[in-house]
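Below is one structure; the comments refer to it alone.
Quick note: numbers below take in every heavy atom, side chains included, and nothing from hydrogens, waters or symmetry partners. In the text below, chain A, chain B and the rest are named by the order of the sequence lines, each starting its count at 1.
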Amino acid sequence: MPELPEVETIVRGLRPAVLGRRIAAVEVRERRLRTPVPPDLERQLCSRRIVDMTRHGKHILVFLDDATVWLLHLGMTGRLTLRSRNGSGHPHDRLIVEIEGGGILAYNDIRRFGSVAVVAGATLEAALAPGVDALSAAFTGDHLWQSARARRTSVKILLMDQRVVAGVGNIYANEILFHAGVRPHRLARRLSRRACGRVVEATRSVLTAAIASGGSTISDYRDGFDRFGWYQEQHTVYARGGLPCRACGARIRVTTLAGRSTFWCPNCQR
DNA sequence: CGCACCCCCTGCCGGC
DNA sequence: TGCCGGCAGGGGGTGC
């Protein structure tokens with residue numbers, strides 16, 4: 001589910017609500033996530049004050065007052081929401097964090113593909129995928145071009161490789177390549193610097209527009225306050241196989257690339 | 001190295 | 001109506 005725009009929306013919403021507050025209690029309801037929840041997570045989080053909350057790629061970073069960082073990755077169906085009070089009726093709650101005077105931060109994850117950990121601030125970079133954040137100034141056409149040069153893979157697979165650029169998943173890779181006018185299976189190393197620049201520009205504009213719409217809700221995604229995103233209404237190709245292209249009317253094509261559904265317009269993308 | 005294919009897990013939807 | 005296969009925003013592992 002959550003790619004960069006969804007994670008950014010969650011962080012923007014929750015950050016002001018938790019900043020400066022202390023974690024009063026921690027309850028792990030399910031330790032079997034993608035990687036098992038560490039046995040000492042409760043101890044690592046409890047009584048810590050939250051000094052900052054940011055995002056890198058698809059990771060949520062919660063900076064704590066003992067120079068550690070609480071890392072969350074939401075996988076496919078993860079949600080991080082703030083509720084006024086604890087309660088039952090939330091079947092897939094995996095982690096409950098009580099914020100002193102600030103409600104309950106609940107990590108809910110139907111499929112348990114997400115992960116939770118606490119790392120020392122000094123080891124943060126090692127804990128994250130090495131790719132530059134898709135919205136950072138470091139993600140340039142030249143960076144993409146240089147990354148593509150040594151590799152023999154398609155531009156879509158490269159764009160989704162978190163070691164190259166962090167934050168782009170399947171929905172937005174499809175959307176970005178439509179806006180850049182580039183076919184997903186084009187060999188990345190055969191793109192010109194100029195074309196790489198167009199892909200990076202499209203990345204910035206698509207992700208920014210998606211954030212402005214609160215992300216895409218396909219089925220499971222909700223923001224930090226349990227609200228839907230609306231960018232799915234602006235999707236041009238994703239999940240539109242067989243439908244007419246919004247720009248030219250040609251039928252949107254569907255194929256599989258690296259096991260992921262891939263959509264493109266045979267006329268608008270070359 | 002790249003990639004096709006599998007896994008993890010749960011829910012939903014369409015077809016029969 | 002009910003069952004079964006296929007598919008889903010992610011990531012990691014294997015073997016060719």
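- Under 3.5 Å, the side chains of Gln44(A) and Thr68(A) contain no donor-acceptor pair of N or O atoms.
- For dG2(B), the base has no donor-acceptor partner in the side chain of Arg152(A) [N/O atoms by modelled type, under 3.5 angstrom].
- Pairing partner, dG11(B): dC7(C), with both Watson-Crick or wobble hydrogen-bond distances short of 3.5 Å.
- The local environment of CZ in Arg193(A) is crowded, with over 12 non-hydrogen atoms from other residues, nucleotides or ligands closer than 6.0 Å.
- Per the geometry, CZ belonging to Arg112(A) stands 17 Å off P belonging to dC7(B), to the nearest Å.
- Ring stacking is absent between Phe113(A) and dC9(B), as the pair misses the limits of under 5.5 Å between centres and under 30 degrees between planes.
- With both pairing distances under 3.5 Å, dG15(C) is matched to dC3(B) as a Watson-Crick or G-U wobble pair.
- The closest side-chain donor-acceptor pair between Thr81(A) and Asp226(A), if any, does not fall under 3.5 angstrom.
- Atom CE in Met160(A) sits roughly 16 Å away from atom P in dG2(B) (whole-Å rounding).
- You'll find a donor-acceptor pair under 3.5 Å spanning the side chain of Arg111(A) and the base of dC9(B), going by distance alone.
- Across dG6(C) and dC5(B), the matching C1' atoms stand 16 Å from one another, rounded to whole Å.
- Between His73(A) and dG10(C) there is no side-chain polar atom (N or O) within less than 4.0 angstrom of OP1 or OP2.
- Distances shown here put every side-chain N or O of His92(A) at or beyond 4.0 Å from the OP1 or OP2 atom of dC9(B).
- The interatomic distance linking Asp93(A) (CG) with dT10(B) (C1') rounds to 15 Å, in whole Å.
- At a threshold of 4.0 angstrom between heavy atoms, the contacts of Thr217(A) include nucleobase atoms, whether or not backbone atoms are also involved.
- If you check dG11(C), dG9(C), dC3(B) against the side chain of Arg34(A), the one that comes closest is dG11(C).
- Atom OH in Tyr231(A) sits roughly 15 Å away from atom C1' in dG9(C) (whole-Å rounding).
- Remark: the separation of the P atoms in dG5(C) and dC7(B) is 14 Å, to the nearest Å.
- Contact annotation: Lys58(A) side-chain N/O to dG10(C) OP1/OP2 distance is under 4.0 Å.
- Close to dA8(C), at under 4.0 Å from its OP1 or OP2, lies no side-chain N or O of Tyr221(A).
- Taking atom CG on Leu33(A) and atom P on dG11(C), their separation rounds to 15 Å, with Å as the unit.
- Across the protein-nucleic acid pair, Leu257(A) atom CG and dA4(B) atom P stand 7 Å apart, rounded to whole Å.
- Side-chain N/O atoms of Thr203(A) and Tyr172(A) include no donor and acceptor closer than 3.5 Å.
- Taking only side-chain nitrogens and oxygens, Ser219(A) never comes nearer than 4.0 Å to OP1 or OP2 of dG9(C).
- Note on ring orientation: taking the six-membered ring where Trp is involved, the planes of Tyr238(A) and His235(A) are perpendicular (angle over 60°, cut-offs 30° and 60°).
- Remark: P of dA8(C) and CD1 of Ile218(A) are 11 Å apart, rounded to the nearest angstrom.
- In terms of phosphate contacts, Arg260(A) brings no side-chain nitrogen or oxygen within less than 4.0 Å of OP1 or OP2 of dA8(C).
- Rounded to whole Å, the separation between the C1' atoms of dT1(C) and dT10(B) comes to 23 Å.
- As a whole-Å value, the separation of Met76(A) CE from dA8(C) C1' is 5 Å.
- Nucleic acid contact class of Gly169(A) (heavy atoms, under 4.0 Å, all strands): sugar-phosphate only.
- With distances taken from any side-chain atom of Gln162(A) to the nucleotides dT10(B), dG11(C), dA8(C), the minimum falls on dG11(C).
- Between Asp109(A) and Arg112(A) there is no salt bridge, since no side-chain N of the basic residue sits under 4.0 Å from a carboxylate O of the acidic one.
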